[in-house]
**Student:** 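Please read through the structure below; I'll follow up with questions.
To find a chain, count down the sequence lines: A is the first, B the second, and so on, and within it residues start at 1. Just so we're clear, the structure is a prediction, and the values are computed from it rather than from any experiment. The basis for the numbers below is simple: all heavy atoms, side chains too, and nothing from hydrogens, waters or symmetry mates.
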Protein chains: 2
Amino acid sequence: MRSSILLLAALAGCSSRTDATKTKPTQGLAAMMKARGLSEADVKAALMTYTPSGKHDEYVVFASGGHSGQVLVIGVPSMRILKYIGVFTPEPWQGWGFDESSKAVLAEGKKGGKDLTWADTHHPALSETNGDYDGQYLFINDKANARVAVIDLKDFTTKQIVSTDLITNDHGATMVTPNTDYVIESAQYPTPLGGGYADPKDLKDKYRGAVVFWKFDRAKGRIDKSASFAIELPPYTQDIADAGKLASDGYAFINSINTELAYGGDLEGNPPMESGYSQHDMDYLHIVNWKKAEALVAQGKFQQIGDMRVIPLATAAAENVVVFAPEPKSPHGVDVAPDGNDIIVSGKLDTHTTIYSFSKIKALIDKGQFASKDAYGFNVLDFKSTIRGQVEVGLGPLHSQFDDQGNVYTSLFLESAVAKWSLKDLKLEDKLPVHYNIGHLLAAEGDTVHPDGKYLIAMNKWALDRYQKVGPLLPQNFQLIDLTGEKMQLLYDMPIPLGEPHYAQMIKADKLHPIDVYAPGSDPITDVKSPNAVEGGKERIERRPDGVHVYMTAIRSHFTPDIVRVKQGDTVHFHLTNLEQAYDATHGFALDAYNVNLSLEPGESDDVTFVADRAGVFPLYCTEFCSALHLEMAGYFVVEPK
Amino acid sequence: MRSSILLLAALAGCSSRTDATKTKPTQGLAAMMKARGLSEADVKAALMTYTPSGKHDEYVVFASGGHSGQVLVIGVPSMRILKYIGVFTPEPWQGWGFDESSKAVLAEGKKGGKDLTWADTHHPALSETNGDYDGQYLFINDKANARVAVIDLKDFTTKQIVSTDLITNDHGATMVTPNTDYVIESAQYPTPLGGGYADPKDLKDKYRGAVVFWKFDRAKGRIDKSASFAIELPPYTQDIADAGKLASDGYAFINSINTELAYGGDLEGNPPMESGYSQHDMDYLHIVNWKKAEALVAQGKFQQIGDMRVIPLATAAAENVVVFAPEPKSPHGVDVAPDGNDIIVSGKLDTHTTIYSFSKIKALIDKGQFASKDAYGFNVLDFKSTIRGQVEVGLGPLHSQFDDQGNVYTSLFLESAVAKWSLKDLKLEDKLPVHYNIGHLLAAEGDTVHPDGKYLIAMNKWALDRYQKVGPLLPQNFQLIDLTGEKMQLLYDMPIPLGEPHYAQMIKADKLHPIDVYAPGSDPITDVKSPNAVEGGKERIERRPDGVHVYMTAIRSHFTPDIVRVKQGDTVHFHLTNLEQAYDATHGFALDAYNVNLSLEPGESDDVTFVADRAGVFPLYCTEFCSALHLEMAGYFVVEPK
């Protein structure tokens with residue numbers, strides 16, 4: 001280390017103690033700073049984020065891709081995107097939606113029989129054990145079509161998509177209970193439950209909200225729909241949700257933004273939704289006792305609506321499965337603090353954030369002390385009796401995150417800033433401008449019972465002048481912020497080149513233990529050996545009643561067989577196995593004109609079936625640059641005319 | 001600057017000259033280096049790449065996304081991805097392939113009547129004026145289906161996809177002639193021209209290669225297929241190509257790798273392609289006189305094959321439109337030096353790179369001094385008479401790039417290194433290990449007549465241990481290299497999270513002048529005002545014989561109309577205009593269940609048509625977080641049952 005200090009002293013141009021003075025000052029730190037226009041803060045930020053070749057990041061972020069329908073994996077502090085994971089949207093590099101197994105996962109995501117080739121992913125949730133991220137699974141919702149996907153972090157692959165006909169659209173999703181017993185999905189814009197028709201004018205009576213509790217079977221790594229249930233809610237436009245933890249374990253919290261029951265109609269003589277939704281001073285925080293709901297369902301106190309068991313509105317109200325607390329107008333974020341007692345709600349048209357106390361709420365509910373009932377018979381608590389206090393944080397507060405020192409960080413959309421305030425004394429401590437229009441923000445291990453502090457990321461919606469111009473559609477802007485000092489320090493600007501992330505979670509990298517390669521012949525979706533796996537030496541082409549079966553292997557640098565002859569009109573089943581077991585030895589399989597493109601990771605076995613309806617000669621080849629003779633890893637699919 | 005030096009001296013822990021010594025050494029540079037494990041080289045690299053908030057990158061890279069079918073836009077030296085541009089693959093964040101205009105561009109890319117939802121993009125080419133990048137257009141090919149796309153850098157949007165039935169597959173694409181008169185696309189795996197059937201055993205007689213010269217109409221910003229032409233080539237498996245420049249303007253150069261005429265058949269008693277292709281000591285560099293070809297086509301000396309005018313093999317040979325020079329076995333890269341005279345070819349199974357002299361080649365052709373003819377009647381030059389020399393660069397040389405000092409940088413795939421050598425005296429000067437399995441490499445303005453030097457990027461195919469593990473499918477690894485010193489210095493490792501870039505070009509950022517917003521009501525594909533553009537106050541719903549037309553506007557924070565009522569079975573035409581003219585004020589338009597998702601950039605007008613075959617109530621909403629009341633920017637699409 002001593003030599004480093006001396007050399008750096010020399011770089012900085014300070015007085016001689018050693019022969020390091022021989023270093024030309026023009027090659028030094030000061031010259032570099034001048035040449036690149038770096039301030040001292042920039043130098044510090046550079047050194048706090050630069051991650052040298054071969055060194056790994058300390059944290060990994062999983063961010064929704066917004067309407068890209070994907071998930072981004074980002075290293076922190078380097079802020080490099082390590083991977084986009086295909087989830088709801090077909091993606092050819094990963095072969096996602098091109099082989100039969102991944103096509104089947106996407107087909108699980110059909111709604112009303114319709115193929116959906118995109119999604120609006122919003123809130124990823126890492127699986128938890130005792131309220132801490134455990135690095136095993138990731139869940140994410142599709143707001144546009146009310147769907148939930150399960151991603152296995154063993155191989156960073158989507159394994160399942162579930163949905164219910166009950167709801168059309170979601171927003172309070174996905175959040176997990178502290179041991180990942182349930183994945184929470186609450187509806188957003190109300191519709192008739194089960195997908196029926198009703199005029200929007202009848203919203204009050206015929207439209208409903210709902211919250212679905214998807215039962216997660218950790219042993220199988222899949223959601224068990226048959227063990228899942230839902231709770232019917234009033235049509236208040238439920239917004240984001242959070243799961244209780246520790247003190248509030250067994251509960252969930254959901255905002256609502258439309259107790260006005262507006263439904264638009266701006267060409268029909270009504271105000272547009274934006275003003276219709278914003279008339280009341282208070283909306284309702286929904287306090288959901290899901291453990292009680294679970295017990296009621298077990299007792300049969302549910303209605304079957306379509307494919308889902310639903311606790312009806314009246315039961316939910318009568319049994320206090322759902323109780324309301326008023327919350328300042330147009331609330332957005334609801335965030336449960338690490339101890340589970342403080343619940344932070346930000347009213348986006350307010351300058352305050354409101355801190356509810358779960359112990360106060362619980363005591364009031366236990367004693368049956370309610371202030372009123374809403375129009376649907378739900379008990380409503382007294383606002384002032386439920387809160388610890390409010391903090392004036394600034395303009396347009398949205399979401400809050402937590403560190404390990406009892407501080408809260410609240411995003412301020414209208415002010416384009418992050419407010420830091422103390423959970424202990426509810427005092428504002430610091431404010432940092434961000435660029436621009438911050439939505440969510442996330443802290444290291446920020447949704448757990450043991451947040452790490454250290455890093456915060458501002459997820460900014462507008463980038464404006466931050467980057468080289470790339471046309472009218474701009475990247476989003478993630479800004480990495482250092483939390484280790486008294487004042488927040490901006491460290492890094494990171495553009496999001498594809499998708500509009502809504503929310504993200506940040507996990508310690510050493511909690512992730514993905515596999516390097518698949519066991520020989522594995523189907524990555526079923527996680528077992530494919531019945532069609534091919535061993536080396538057993539490659540063959542078989543003509544059977546259901547078509548031509550091609551049992552093919554890939555290994556550097558050839559496919560066997562490399563000529564496949566069929567007749568026009570044949571149904572052709574390709575069964576491909578990558579025989580490699582070396583890390584990173586992925587092969588691709590492209591077949592010209594037939595829209596076939598597979599990604600065969602080491603050990604992977606894939607199937608693809610199609611009708612050879614076009615005669616001719618079609619090259620097939622490896623699309624992943626696997627070896628020096630990669631271009632020679634090719635062959636011909638020969639379709640003889642009828 | 002003085003205060004910076006003093007402060008940094010203090011940070012570095014050197015002896016006192018000022019009160020800067022009050023800074024605690026533990027907060028200093030040395031402590032930071034220790035805490036983050038940074039060497040002095042790392043500190044230098046950090047400062048040479050870190051780009052502070054609000055400062056812009058010096059260069060912009062356009063990289064193919066490989067089989068993602070997209071193009072990546074990357075800032076240098078920060079190595080941040082600024083954008084993925086949708087090209088051949090539908091992508092919902094951009095609404096690419098979701099509105100009628102972009103669907104029409106993708107439909108241009110159908111082959112044999114089939115929809116193709118992916119592509120294997122390989123070689124992007126920036127438009128050039130007098131051999132320098134001009135920042136106006138970008139071209140890119142799809143190897144899998146022999147297609148070429150035109151991207152307008154005014155708005156970073158794909159405007160056109162062209163293809164010809166002549167060829168099935170390409171590789172030597174896209175490269176542009178020095179004034180972008182033509183975009184070059186040469187076929188790779190030979191097939192019967194025009195898409196017919198023939199047994200691979202008849203490859204020699206019935207399969208052919210070809211090179212297409214696509215005429216670019218710069219005024220229209222589109223390729224003019226009717227003014228384009230092709231040249232028939234022997235079935236030698238043509239590989240990558242490059243356009244001549246300055247001394248060699250009017251020529252193009254294409255490698256070949258299969259003068260053996262192997263075609264695979266490893267289950268039919270033949271060797272696999274990888275060995276079948278690798279028997280001969282020499283393959284043929286194709287020297288193509290495209291100006292002569294253009295003149296012959298003008299004289300009518302072409303055959304019409306399907307949709308393309310083609311100079312037949314015999315004519316090409318007899319007229320010396322194509323002449324061959326032998327090249328060492330299994331060549332890969334062919335790269336024309338900035339002066340246009342030196343042509344660098346690397347034989348991937350050789351340890352040498354070969355430097356051809358265009359003036360020698362030209363003199364031999366002009367004098368008619370040929371050594372032999374190939375089996376198809378093409379004149380073959382004498383190898384030794386065509387070259388300036390060879391350089392022993394290392395194992396597995398592939399591609400070469402150039403700087404402003406007369407140096408060449410050659411990628412060494414098998415050695416995982418970059419070799420630097422002098423074009424003047426053909427001497428190896430330096431070698432830098434890269435991580436791992438480098439394919440292409442690119443230098444700043446590296447394919448122009450005035451390369452900049454300064455930065456080189458190694459496009460490495462394997463990442464192995466470079467990053468946090470993300471499952472069996474790994475990112476590719478771009479490594480930024482500093483060229484300003486005598487020795488190459490590794491500056492930065494950048495993962496590619498989606499796609500497998502094959503090649504890229506790097507342009508000075510100040511050459512790019514994209515627009516901020518569209519003129520009101522613009523269709524981004526036609527670049528003029530849409531006939532369906534909607535003005536504020538003129539929103540309406542019209543029932544017409546062809547269905548229900550919804551003329552809708554979007555502006556913060558509402559759609560007008562926000563309730564759309566139709567009857568089940570209606571054909572519905574949404575015509576949406578984003579009324580915003582503020583930079584970055586993009587709105588999205590999602591319609592649940594109907595797979596509708598548009599990206600409406602400021603000023604943009606989009607159409608989408610579908611049949612409302614499912615009755616019910618479907619929320620519609622803005623998917624881009626546009627304002628504090630973004631969640632309220634919503635409405636209902638109401639489909640009354642039949």
**Student:** So for E274(B), is it side chain, backbone, both, or neither that comes closer than 4.5 Å to the heavy atoms of chain A?
**Tutor:** both

**Student:** Pick one of side chain, backbone, both or neither for T89(B), based on which atoms fall under 4.5 Å of a heavy atom in chain A.
**Tutor:**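 Contact with chain A is through the side chain of T89(B) alone.
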
**Student:** Non-hydrogen atoms of chain B under 4.5 Å away: do they reach the side chain of K55(A), the backbone, both or neither?
**Tutor:** both

**Student:** Which region of A45(A), side chain (C-beta onward) or backbone (N, CA, C, O), has a non-hydrogen atom less than 4.5 Å from a non-hydrogen atom of chain B, or is it both or neither?
**Tutor:** both

**Student:** At a 4.5 Å cut-off on heavy atoms, which part of L72(A) comes close to chain B: side chain, backbone, both, or neither?
**Tutor:**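 Neither part, no heavy atoms under 4.5 Å.
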
**Student:** So what's closer than 4.5 Å to chain B heavy atoms on Q94(A): side chain, backbone, both or neither?
**Tutor:** both

**Student:** Any idea how F625(A) and H502(B) line up, ring-wise: parallel (<30°), tilted (30 to 60°), or perpendicular (>60°)?
**Tutor:** tilted

**Student:** Go through the atoms of I515(B) and report whether side chain, backbone, both or neither lie under 4.5 Å from a heavy atom of chain A.
**Tutor:**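 Contact with chain A involves both backbone and side-chain atoms of I515(B).
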
**Student:** Using non-hydrogen atoms and a 4.5 Å limit, figure out which bit of L464(A) sits close to chain B: side chain, backbone, both or neither.
**Tutor:**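 Contact with chain B involves both backbone and side-chain atoms of L464(A).
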
**Student:** Please classify the contact between K348(A) and chain B as side chain, backbone, both or neither, with a heavy-atom cut-off of under 4.5 Å.
**Tutor:**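 The answer is the side chain of K348(A).
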
**Student:** Using non-hydrogen atoms only, which part of A615(B) is less than 4.5 Å away from chain A: side chain, backbone, both, or neither?
**Tutor:** backbone

**Student:** Does any backbone or side-chain atom of V617(B) lie under 4.5 Å from a heavy atom of chain A? Answer side chain, backbone, both or neither.
**Tutor:**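 For V617(B), backbone and side chain are both near chain A.
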
**Student:** Heavy-atom distances under 4.5 Å only: say whether F98(A) touches chain B with side chain, backbone, both or neither.
**Tutor:**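 Contact with chain B involves the side chain of F98(A) alone.
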
**Student:** Considering only heavy atoms, which portion of L153(A) lies under 4.5 Å from any heavy atom of chain B: side chain, backbone, both, or neither?
**Tutor:**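 For L153(A), there is no contact with chain B at all, as no heavy atom is under 4.5 Å.
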
**Student:** Is it the case that D120(B) and Y621(A) place a side-chain donor and acceptor less than 3.5 Å from each other?
**Tutor:**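 Yes, because at least one side-chain N or O of D120(B) sits under 3.5 Å from a partner of the opposite role on Y621(A).
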
**Student:** Can you give me the closest heavy-atom contact between L116(B) and A593(A), atom names plus distance?
**Tutor:** CD2-O, 3.9 Å

**Student:** Given heavy-atom pairs under 4.5 angstrom as the criterion, report whether the side chain, backbone, both or neither of H332(B) touches chain A.
**Tutor:**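 The side chain, not the backbone.
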
**Student:** What part of T157(B) gets within 4.5 angstrom of chain A, counting heavy atoms only: side chain, backbone, both, or neither?
**Tutor:** neither

**Student:** For P272(A), is it the side chain, the backbone, both or neither that has a heavy atom under 4.5 Å from a heavy atom of chain B?
**Tutor:**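 Both backbone and side chain.
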
**Student:** Taking side chain as everything from C-beta outward and backbone as N, CA, C, O, which of these in T560(B) sits under 4.5 Å from a heavy atom of chain A? Side chain, backbone, both or neither.
**Tutor:** both

**Student:** Given the rule in the side-chain contact (heavy atoms from CB on, under 4.5 Å) test, do L629(A) and Y277(B) qualify, once you have shown the distances and angles that lead to the verdict?
**Tutor:** CA-CA 9 Å; L629(A) 293 174; Y277(B) 269 44; over 6 Å; no

**Student:** Keeping D562(A) on the side-chain end and D266(B) on the backbone end, is there a donor-acceptor pair under 3.5 Å?
**Tutor:**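 Here the side-chain-to-backbone pair exists.
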
**Student:** Side chain, backbone, both or neither: which part of M79(A) has an atom under 4.5 Å from a heavy atom of chain B?
**Tutor:** neither

**Student:** Sort H435(A) into side chain, backbone, both or neither according to what part of it lies under 4.5 angstrom from a heavy atom of chain B.
**Tutor:**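 Only the side chain of H435(A) comes within 4.5 Å of chain B.
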
**Student:** What part of A146(B) lies closer than 4.5 angstrom to a heavy atom of chain A: side chain, backbone, both or neither?
**Tutor:**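 Contact with chain A is absent: no heavy atom of A146(B) under 4.5 Å.
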
**Student:** Need one label for E91(A): side chain, backbone, both or neither, based on atoms under 4.5 Å from any heavy atom in chain B.
**Tutor:**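 Side chain only.
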
**Student:** Relative to chain A, which segment of V470(B) carries a heavy atom at a distance below 4.5 Å: side chain, backbone, both, or neither?
**Tutor:**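 Both parts, heavy atoms under 4.5 Å.
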
**Student:** Which bit of D115(B) comes within less than 4.5 Å of chain A, counting heavy atoms only: side chain, backbone, both or neither?
**Tutor:**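 Answer is backbone: N, CA, C or O of D115(B) sit under 4.5 Å from chain A.
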
**Student:** Where do K143(B) and D592(A) land on the side-chain contact (heavy atoms from CB on, under 4.5 Å) test, with the steps shown first?
**Tutor:** CA-CA 9 Å; K143(B) 166 170 160 162; D592(A) 295 357; over 6 Å; no

**Student:** With a 4.5 angstrom heavy-atom cut-off, which part of E601(A) approaches chain B: side chain, backbone, both or neither?
**Tutor:** side chain

**Student:** What part of T49(B) gets within 4.5 angstrom of chain A, counting heavy atoms only: side chain, backbone, both, or neither?
**Tutor:**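 Contact with chain A is through both the backbone and side chain of T49(B).
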
**Student:** Looking only at atom types and distance, does a side-chain atom of D155(B) sit under 3.5 Å from a main-chain N or O of P472(A), one as donor and one as acceptor?
**Tutor:** no

**Student:** Backbone N or O of D465(A) within a donor-acceptor pair of the H56(B) side chain at under 3.5 Å?
**Tutor:**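 Such a contact is found between H56(B) side chain and D465(A) backbone.
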
**Student:** Does any heavy atom of chain B fall under 4.5 Å from the side chain of Q479(A), the backbone, both, or neither of them?
**Tutor:**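 Just the side chain, heavy atoms under 4.5 Å.
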
**Student:** Where do Y467(B) and K83(A) land on the side-chain contact (heavy atoms from CB on, under 4.5 Å) test, with the steps shown first?
**Tutor:** CA-CA 11 Å; Y467(B) 304 107; K83(A) 200 174 204 169; over 6 Å; no

**Student:** Under the side-chain contact (heavy atoms from CB on, under 4.5 Å) rule, what do K469(A) and L512(B) come out as? Steps first, then yes or no, please.
**Tutor:** CA-CA 8 Å; K469(A) 292 183 177 183; L512(B) 297 167; over 6 Å; no

